[in-house]
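First listed ligand is number 1; within each ligand, the first listed atom is number 1. Everything numeric here is computed off the predicted structure, so don't read it as measured data.
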Amino acid sequence: MKIAGLQKTTLIDYPGQIAATLFLYGCNFRCGFCYNADLVTKEAKGSFKEEEILAFLDKRKGKLNAVCITGGEPLLTLTESFLKKIKDLGYLVKIDTNGTNPRKLKNLIEKGLVDYVAMDIKGSKEDYDIITGVKVNINDIEETIMILKEFENYEFRTTTLEEFHNSEKIESIGKWLGKLMGEKPYKYFLQGFKKDGDFIDPEYKKKNNTSEKYLKDLKKTADNYFQTVGIRW
Ligand code: SF4
């Protein structure tokens, strides 16, 4: 496990909590619009030591109450022992995931080491390979969705780009998740694309930011398929 970064305080990453965010190196997807290319495609360097992070969290007890673990794809390398040490300090833990490691997620949830999960839904089921730039095992994605149905403390989210996500695609995502779960999924966020970042595919620097109108139009469709829909940009 290589910890690339620490955001010491965030009010927006963990709903309703004051959190710190840890960034872990590595990802098994290659989304062209990924703005964390350093975490995904470059060799891990300048990492924090686990003890440094734990000492920081120990000192901030009472001021912070949650830790968000993101990437990259944190479930590739996150260790159970590290998570347990964070929980032993009394923190709530949120995991961000692309949904490719259901067995590890289930194990961590069953051991009481995870309190909230945010799962990326990259696009409609048919578009996963093209959006992520790799051959995706969609069974893993669906297994993660079903684990979250049982877990209940989750949100799904999609970073929206006009080339991949129109109303029909959002409808397709909504129907896919609803059919799998047998109910309207609880929380869904439509996230805007911003062209600032160190993208995996530098062509994304030339694209336009997602507009407010585009997101609001997508939300009108998503409202039919999810219990609550939010917009972030
Ligand atoms: S956007 Fe997320 S899933 Fe895609 S390459 Fe970047 S870190 Fe991985």
**Prompt:** Counting each atom of ligand 1 from 1 as listed, which ones have a heavy atom of Gly72 under 4.0 Å away?
**Reply:** 7 (S)
**Item:** Heavy atom of the protein closest to atom 5 (S) of ligand 1 (residue, atom name, distance)
**Value:** Phe29 O, 3.4 Å
**Asked** Is there a donor-acceptor pair closer than 3.5 Å between any side-chain N or O of Thr228 and the backbone N or O of Tyr186?
**Response** yes
**Item:** Donor-acceptor pair, side chain of Asp198 and main chain of Asn36, under 3.5 angstrom
**Value:** no
**Residue that, paired with Tyr116, satisfies side-chain hydrogen bond (donor to acceptor under 3.5 Å, both in side chains) out of Glu152, Lys94, Glu155** = Glu155
**Complete:** Checking heavy atoms under 4.0 Å, the part of Cys31 that sits near ligand 1 is both
**Prompt:** Which class fits the ring pair Phe199 and Tyr204: parallel under 30°, tilted 30 to 60°, perpendicular over 60°?
**Reply:** tilted
**Asked** At what distance is the nearest protein heavy atom to atom 6 (Fe) of ligand 1, and which residue and atom is it?
**Response** Cys34 SG, 2.3 Å
**Asked** Is NZ or CZ of Arg232 both nearer than 6.0 Å to the six-membered ring centre of Phe189 and within 45° of the ring axis?
**Response** yes
**Request:** Would you mind checking which non-hydrogen protein atom is closest to atom 2 (Fe) of ligand 1, with the distance to 0.1 Å?
**Result:** Lys122 NZ, 3.7 Å
**atom 8 (Fe) of ligand 1: the protein heavy-atom neighbour that sits closest, reported with distance to 0.1 Å** = Cys27 SG, 2.3 Å
